[in-house]
Amino acid sequence: LFKVILFGALVGAVSIVFNVDLGVTDIVITNHNTGEQWYDTCAGAGGVVIPTSTDAGYYTITISTANMTYSGEFSL
């Protein structure tokens, strides 16, 4: 349904590419070490790049649609 590309360690960004139209999606990325959060909304197929931080830490990402919530985690 989608692909997440992490650029955090290099340029401080996360890229998400939606292969299908999921409708309106709300995206939240959280660095649990610093408490920082980044938000974005995307509609339709395509992609979005969310500027984040290059700070090391434990991150979670949550992608919510009208019908489903997807979540994952990563570390920098």
Output the distance between atom [atom1] ([X]) and atom [atom2] ([Y]), rounded to the nearest 0.5 Å.
| X | Y | atom1 | atom2 | value |
| --- | --- | --- | --- | --- |
| Ser71 | Ile61 | OG | CD1 | 9.5 Å |
| Asp55 | Glu36 | CG | CD | 5.5 Å |
| Leu22 | Ser64 | CG | OG | 11.5 Å |
| Leu76 | Asn33 | CG | CG | 10.0 Å |
| Ile63 | Met68 | CD1 | CE | 12.5 Å |

> Does a side chain donor of either Tyr59 or Glu73 reach within less than 3.5 Å of an acceptor in the other side chain?
Replying inline: no

>> For a quick check under 3.5 Å, do Thr41 and Asp26 share a side-chain donor-acceptor pair by atom type?
In response: yes

Check [X] against [Y] and note the closest heavy-atom contact, atom names and distance.
| X | Y | value |
| --- | --- | --- |
| Thr54 | Gly12 | CG2-N, 3.5 Å |
| Gly47 | Cys42 | O-SG, 4.4 Å |
| Gly44 | Phe18 | O-CB, 4.1 Å |

>> Please determine whether side-chain contact (heavy atoms from CB on, under 4.5 Å) holds for the pair Ile50 and Ile27, giving the CA-CA distance in whole Å, both sets of side-chain angles, and the decisive distance to 0.1 Å.
In response: CA-CA 9 Å; Ile50 303 171; Ile27 304 159; 3.5 Å; yes

> Can you list the steps and then say if Ser53 with Trp38 is a side-chain contact (heavy atoms from CB on, under 4.5 Å)?
Replying inline: CA-CA 9 Å; Ser53 170; Trp38 300 270; 3.6 Å; yes

>> What verdict does the side-chain contact (heavy atoms from CB on, under 4.5 Å) test give for Tyr58 and Thr34, after you've listed the backbone C-alpha separation in whole Å, the side-chain angles of each residue and the deciding distance to 0.1 Å?
In response: CA-CA 9 Å; Tyr58 167 71; Thr34 65; over 6 Å; no

>> Checking Thr65 against Val24 for the side-chain contact (heavy atoms from CB on, under 4.5 Å) test, could you report, in this order, the C-alpha distance in whole Å, the side-chain angles of both residues, the deciding distance, and whether it holds?
In response: CA-CA 6 Å; Thr65 69; Val24 175; over 6 Å; no

>> Against Ile16, only a single residue in Val48, Asp40, Thr25 fulfils side-chain contact (heavy atoms from CB on, under 4.5 Å); can you say which?
In response: Val48

> So do the side chains of Ile29 and Gln37 get within less than 4.5 Å of each other, counting heavy atoms only?
Replying inline: no

> Is the closest side-chain heavy-atom distance between Thr60 and His32 below 4.5 Å?
Replying inline: yes

